[in-house]
Amino acid sequence: MPPLQSLQRDFPSIDANFLQFCASHRIFSVEDFLVHDLQRLVAFAECQDMSKDLKKGIAEVLSIIDSQHQPWSNGMELLGDTWRNKILFSTGCEGIDLLLQGGLRGGQLTELVGPSPSGKTQVCLQAASHIAHKYMGTVMFLDTSNSFSPKRVAYLVSCLLSPSVKEVKERTIKRVMSNILCYSVFDIFMLLDVLHQLEFKLTSQVQIKNEDTNLHLLVVDSFSSLITAVLGGKGSHGHSLMVSAGLLLKKLADEHNLAVLVTNHMVGGEGGISKPALGESWKTVPHVRLLLSNDHGSNFYNISILKHTCMASGQVGRLLIPN
Amino acid sequence: MEAAISHCVIGNLEKSLAPQLLSSSAFSTSLCRPMISPTPTTFLGAAIHAWVGPTFIVVLQGRERFDSSVPFPSENCRDRKQRHMQRAMQSMSLKSWIEGDESAKQMLARVLAERPLLLLPPLHRVPLRVGNVVEIVGPSPSAKSQILLQAAVNCILPKEWNGIHYGGLERLVMYIDLDCRFDILRLSQLLKHHIITGFGSSSRSGLEQHENNHTPLMAQATDFSEELFRTCMRRFLYIRCYSSMEFLAALKTMQNRFQKETAAHGVDIHFLMIDSIGAFYWVDRASKPLALEGDNRRYPSLQSVAETVVQDIRKILQLQPMLVLATKTNIYGMGAITSDTNRTFRKWTSQDTLDLRTSSRGMEEHIYREYMPLVWQSFVTHRILLRVSDENFVEGERRKLPIYIAEWVLPSLNYSDKFTVKDAGIFMVA
């Protein structure tokens with residue numbers, strides 16, 4: 001939120017006199033206004049000489065504040081937005097689509113948690129290729145541990161295509177592959193940077209074209225490895241970064257109707273029993289949490305719902321990942 | 001019972017007595033302080049004495065402490081001129097008020113109609129009413145948001161619609177989503193379920209009467225429930241906030257919004273829901289002031305944000321009395337708030353790895369760990385604690401639903417309730 005001085009040009013009632021009055025109450029930015037008791041400020045302003053101008057200035061700042069929050073909406077408006085924009089993206093993994101009654105919902109943050117190997121990355125790649133192919137959309141794959149394999153994606157895409165002339169098939173594979181954008185991200189700051197850039201890009205695209213952007217899926221594989229590097233120690237900085245990144249992902253998801261898929265690996269806990277790398281404080285972030293586990297070294301994987309906004313937790317499914 | 005009675009007095013204060021009490025020396029000090037006065041028990045006791053006699057005092061003493069967060073009409077305290085005017089105007093009404101113009105029974109009926117108590121499982125053990133600030137504390141997941149949604153559905157449903165009883169409050173709900181993961185589909189699912197069951201129960205009785213008119217009755221009903229559904233959904237007002245600053249901005253400018261909404265709907269707002277209040281704890285804790293001129297300015301920190309949030313909500317409650325329901329997630333972080341001994345209870349037992357819940361074992365000892373600033377803690381009037389039990393509720397053949405345990409800690413009650421969440425909402429488990 002801007003310092004008051006920078007508002008001087010655009011808002012005539014924020015003048016030198018008003019700035020001086022605010023400075024006497026140690027208010028220098030719109031942010032400072034927010035942590036002040038405005039009624040008391042108005043009462044102070046009334047005792048001043050130029051009380052009318054000062055009150056006008058306060059009202060002006062209040063209208064700026066009003067533009068700083070998300071809009072209020074009622075239940076029907078929300079429901080309409082969900083029906084129109086928050087579609088279910090089929091992942092191409094039958095087990096997951098069945099369990100989630102259709103797939104990943106746009107606007108939501110879905111987390112895959114499981115030990116290694118439990119097919120997390122495979123599910124991500126499968127979802128990426130399926131969504132890029134079926135919905136003709138763009139997929140953004142943020143790769144933190146060099147797990148993205150173009151060969152695997154090309155193979156998965158070719159599985160989706162019906163048998164046809166070789167040339168046609170190759171062209172389609174090329175098109176789909178070019179719609180999957182992979183970025184290597186090696187620390188949390190880079191991730192935040194990429195996400196902020198993406199937010200800026202998407203917002204300006206919406207403003208210019210005035211239509212929906214084509215990005216459908218955002219994958220962060222693995223999200224937890226970025227976060228665990230900054231967790232620990234005495235400070236709360238790691239947690240702060242984790243929550244901020246989570247909020248940013250949810251904001252992107254909601255405003256641009258993206259499905260966001262992140263993975264969370266498991267680490268050895270007390271007594272040799274493994275637990276998710278991102279624990280209690282992370283639990284409040286994702287909309288949907290899915291637990292993956294391998295079924296005795298076979299191609300089958302078990303999947304269960306740990307948390308879902310609409311469905312009861314504990315439901316289980318099975319999923320086949322072809323070699 | 002006590003809750004209703006203390007409210008009666010407040011209700012009357014709002015109507016006619018406040019200016020009078022202000023002018024009389026006995027009450028002026030406690031009432032003239034703006035807004036929440038922490039010592040209403042004594043003067044309320046006195047007021048009740050003067051009014052209905054000692055019989056009611058017996059009722060009062062049997063219950064838990066009086067809740068101090070009931071908003072007082074402080075706009076009267078502010079404006080001196082207005083006070084003088086009203087003092088003159090209302091010298092008559094005090095007399096009639098003391099003499100009493102309604103019996104206790106009438107009064108109770110009136111107050112219960114005007115400000116109904118919330119008796120919604122699992123919050124049904126303690127009568128809750130507007131002005132209370134209820135904190136629902138539990139790990140994630142422990143059905144916290146579910147309780148909010150259930151209360152919201154109950155609030156937006158009408159009491160009756162086309163002769164069908166739904167038992168709702170027909171008021172507005174303001175839902176502030178700080179976790180940013182509210183799902184409107186869940187709310188609509190719950191609401192639809194309530195509308196269908198409400199209709200189902202009465203259509204059966206209807207069918208008995210008009211057995212031949214089966215089909216037209218059904219066709220009519222679907223039209224009605226669609227309209228009812230839309231009307232109810234419009235009573236649900238939602239905002240999401242991605243930071244503390246957005247939260248404060250929303251609170252600071254909320255007054256306009258609710259004036260508009262109450263005018264448009266013709267009904268009051270009953271609930272202010274916050275899910276969840278600790279959402280920005282980590283972010284705010286790590287925040288540092290921007291390097292602007294002036295050193296010791298009041299910069300946005302965990303403490304100042306909490307202070308302002310409480311202050312702003314108090315002001316909102318003053319203008320529009322509401323029941324505040326706030327959820328709070330338990331957090332187990334490192335550093336200042338937890339020591340090593342406290343961390344041991346997040347053990348993952350072998351069976352927990354399957355469903356990844358926080359083990360409830362050992363929870364009894366560390367049942368509740370406060371991390372919100374003191375100013376928020378003291379703002380809360382009621383607190384209920386939720387946790388996941390080790391048991392499951394078996395529904396149908398294959399579905400196992402977790403059983404949650406709810407326990408009041410403020411006021412402290414010695415028993416706990418068990419409940420589970422089905423598609424249709426919260427069900428108590430015996």
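Everything numeric here is computed off the predicted structure, so don't read it as measured data. Residue numbers begin at 1 in each chain, while the letters A, B, ... track the order of the sequences.
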**Complete:** Heavy-atom nearest pair, S240(A) first then W282(B), reads CB-O, 3.4 Å
**Request:** Under 4.5 Å, counting heavy-atom pairs only, tell me which of L62(A), V243(A), D37(A) racks up the most with chain B.
**Result:** D37(A)
**Heavy-atom proximity to chain B below 4.5 Å, by part of S73(A)** = both
**Request:** Report the residues that fulfil side chain to side chain contact (heavy atoms under 4.5 Å, CB included) with H193(B), sequence neighbours left out, ordered by chain and then residue number.
**Result:** T197(B), A424(B)
**Request:** Look at L34(A), T309(A), I65(A) and state which one has the largest set of heavy-atom pairs under 4.5 Å with chain B.
**Result:** L34(A)
**Prompt:** With a 4.5 angstrom heavy-atom cut-off, which part of L237(B) approaches chain A: side chain, backbone, both or neither?
**Reply:** both
**Asked** With chain B, which of M311(A), K307(A), Q70(A), Q68(A) has the greatest number of heavy-atom pairs at distances under 4.5 Å?
**Response** Q70(A)
**Asked** What residue in A249(B), A279(B), A286(B) has the most heavy-atom pairs under 4.5 Å with chain A?
**Response** A249(B)
**Asked** With no hydrogens and no angle check, do the side chains of T308(B) and H36(A) hold a donor and an acceptor under 3.5 Å apart?
**Response** no
**Contacts of type ring pair (Phe, Tyr, Trp, His ring centres under 6.0 Å), residue F89(A), not counting sequence neighbours** = Y135(A), H216(A)
**Side-chain donor/acceptor of K250(A) to backbone N/O of D179(B), under 3.5 Å** = yes
**Fill in**
Note: vs chain A, highest number of non-hydrogen pairs under 4.5 angstrom among Q146(B), E261(B), K422(B), M174(B) is M174(B)
**Request:** Considering only heavy atoms and a distance below 4.5 Å, find which of K251(A), H287(A), H25(A), H237(A) pairs most often with chain B.
**Result:** K251(A)
**Request:** Against chain B, work out which of L79(A), N302(A), L109(A), T82(A) has the most heavy-atom pairs shorter than 4.5 Å and name it.
**Result:** L79(A)
**Request:** State, to 0.1 Å, how close I239(B) and P71(A) come at their nearest heavy-atom pair, and which atoms those are.
**Result:** CG1-O, 3.9 Å
**Request:** Give a yes or no on whether the backbone of T284(A) and the side-chain of R181(B) come within a donor-acceptor separation of less than 3.5 Å.
**Result:** yes
**Message:** Under 4.0 Å between a side-chain nitrogen and a carboxylate oxygen: does that hold for D66(A) and K252(B)?
**Reply:** no
